[in-house]
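What follows is a short report on a single structure.
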Protein chains: 2
Amino acid sequence: MKNKKMKIARIEAEVSQERLAEIVGVTRQTVNLIESGNYNPSLKLCIEICRALNKTLNDLFWEE
Amino acid sequence: MKNKKMKIARIEAEVSQERLAEIVGVTRQTVNLIESGNYNPSLKLCIEICRALNKTLNDLFWEE
DNA sequence: ACTAAATGTCAAATATAAATTACATTTTGT
DNA sequence: ACAAAATGTAATTTATATTTGACATTTAGT
């Protein structure tokens with residue numbers, strides 16, 4: 001299951017995977033893997049991504 | 001920074017750390033560490049804890 | 001069409017979440 | 001006060017997230 005919400009939020013914010021990776025302090029590959037799905041990032045990283053994209057955990061990582 | 005919200009939600013749900021650990025499939029120590037703070041759980045585990053306690057990610061793990 | 005930027009993905013190494021075992025302390029019930 | 005359950009922590013090991021380096025493909029700009 002891909003993380004479309006995150007990808008959409010990132011594109012709306014007009015940042016590349018590489019730029020987002022820089023901002024949150026991980027590598028581009030990690031960002032790519034999270035968007036690609038089948039990945040289990042740490043809470044801290046999720047929160048940093050949310051802050052970078054001006055979203056909340058529920059916005060990007062919660063499925064009702 | 002302790003995770004008070006999670007501890008409160010767990011106590012409201014009337015489950016022990018051990019019982020919650022069973023439900024979400026980790027050890028009691030892991031649950032304890034998360035509540036104690038200075039820990040960085042995986043997203044998957046956070047989500048499982050939320051579901052077990054009938055809460056959302058924002059309820060338990062998001063700080064405005 | 002061409003080029004550069006962005007993306008998808010892989011293998012191997014490193015960092016760290018989570019397990020395990022164990023023990024001390026605190027809380028709760030009787 | 002006592003016993004049992006629940007909690008707080010620590011050291012070591014194991015599983016896995018993340019890094020690193022690299023290469024192929026796709027997308028966007030000219």
Side-chain angles (χ1 to χ4, degrees):
Chain A
M1 26 16 192
K2 294 201 170 202
N3 191 333
K4 274 194 184 174
K5 293 192 236 168
M6 174 175 155
K7 183 167 189 171
I8 290 170
R10 177 178 61 76
I11 291 172
E12 279 178 352
E14 295 185 48
V15 297
S16 66
Q17 291 182 348
E18 186 157 30
R19 180 73 189 113
L20 177 56
E22 275 175 31
I23 296 171
V24 303
V26 296
T27 61
R28 181 179 68 78
Q29 285 83 339
T30 299
V31 169
N32 187 285
L33 281 169
I34 296 171
E35 286 186 3
S36 300
N38 51 5
Y39 207 62
N40 185 20
S42 71
L43 174 62
K44 203 166 104 187
L45 177 50
C46 292
I47 290 173
E48 275 160 9
I49 290 171
C50 288
R51 299 222 184 279
L53 298 178
N54 241 329
K55 299 286 182 182
T56 70
L57 283 172
N58 282 5
D59 289 336
L60 301 188
F61 299 103
W62 182 253
E63 306 281 340
E64 204 55 52
Chain B
M1 24 20 192
K2 295 203 170 202
N3 191 333
K4 275 194 183 175
K5 293 193 233 168
M6 173 174 154
K7 182 166 189 171
I8 290 169
R10 179 179 60 76
I11 290 172
E12 279 178 353
E14 294 186 48
V15 296
S16 66
Q17 290 183 347
E18 186 157 31
R19 180 74 189 113
L20 177 57
E22 275 175 31
I23 296 172
V24 302
V26 296
T27 62
R28 179 178 69 77
Q29 284 81 343
T30 299
V31 169
N32 187 285
L33 280 169
I34 296 171
E35 286 185 2
S36 300
N38 53 2
Y39 207 61
N40 185 20
S42 71
L43 174 62
K44 204 166 102 185
L45 177 50
C46 291
I47 289 173
E48 275 160 8
I49 289 171
C50 287
R51 298 221 184 281
L53 299 178
N54 242 329
K55 298 286 182 182
T56 71
L57 284 172
N58 282 5
D59 289 337
L60 302 188
F61 299 104
W62 182 253
E63 307 281 340
E64 203 55 52

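A note on names: the letters A, B, ... follow the listed sequences, proteins ahead of strands, and every chain is numbered from 1. What you see is a predicted model, and the numbers here were worked out from it, not measured in a lab.
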Starting from [atom2] on [N], measure out to [atom1] on [X] and report it in whole angstrom.
X     : N      : atom1 : atom2 : answer
B:L33 : D:dT9  : CG    : P     : 9 Å
A:I34 : C:dT7  : CD1   : C1'   : 15 Å
A:L43 : D:dT18 : CG    : C1'   : 16 Å
B:Y39 : D:dG8  : OH    : C1'   : 14 Å
B:M6  : D:dT7  : CE    : P     : 11 Å
A:E14 : D:dT27 : CD    : P     : 19 Å
B:E18 : D:dA4  : CD    : P     : 16 Å
B:E22 : D:dA5  : CD    : P     : 14 Å

Check this one for me: any side-chain N or O of [X] less than 4.0 Å away from OP1 or OP2 of [N]?
X     : N      : value
B:T27 : C:dA19 : yes
B:T30 : C:dA17 : no
A:R10 : C:dT7  : yes
A:Q17 : C:dG8  : yes

Heavy atoms, side chains only, cut-off 4.5 Å: are B:L45 and A:L43 in contact?
->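 Side chain of B:L45 against side chain of A:L43, heavy atoms only: no contact under 4.5 Å found.
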A:L53 side chain near A:D59 side chain, heavy-atom distance below 4.5 Å =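 Answer no - side chains too far apart.
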Any base atoms under 4.0 Å from [X], or only sugar-phosphate, or nothing? Heavy atoms, all strands.
X     : value
A:S16 : sugar-phosphate
B:L45 : sugar-phosphate
B:S42 : sugar-phosphate
A:K7  : sugar-phosphate
A:G25 : sugar-phosphate

Lys/Arg N to Asp/Glu carboxylate O, A:R19 vs A:E22, below 4.0 Å |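 The answer is yes: the pair qualifies as a salt bridge.
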Straight-line distance of B:F61 CZ to A:C46 SG, nearest 0.5 Å |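 Going from the CZ atom of B:F61 to the SG atom of A:C46 covers 11.0 Å.
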5′-ward residue of the pair B:Q29/B:N40 relative to DNA chain D |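 Result of the comparison: B:Q29.
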Looking only at side-chain atoms of B:R28, point me to the closest of D:dT18, D:dT9, C:dT9.
->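 Of D:dT18, D:dT9, C:dT9, D:dT9 is nearest to the side chain of B:R28.
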Considering only C:dT9, C:dA19, D:dT18, which nucleotide approaches the side chain of A:N32 most closely?
->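 Nearest listed nucleotide: C:dT9.
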Check B:K55 against B:E12 and note the closest heavy-atom contact, atom names and distance.
->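 So the minimum-distance heavy-atom pair works out to NZ-OE1, 4.4 Å.
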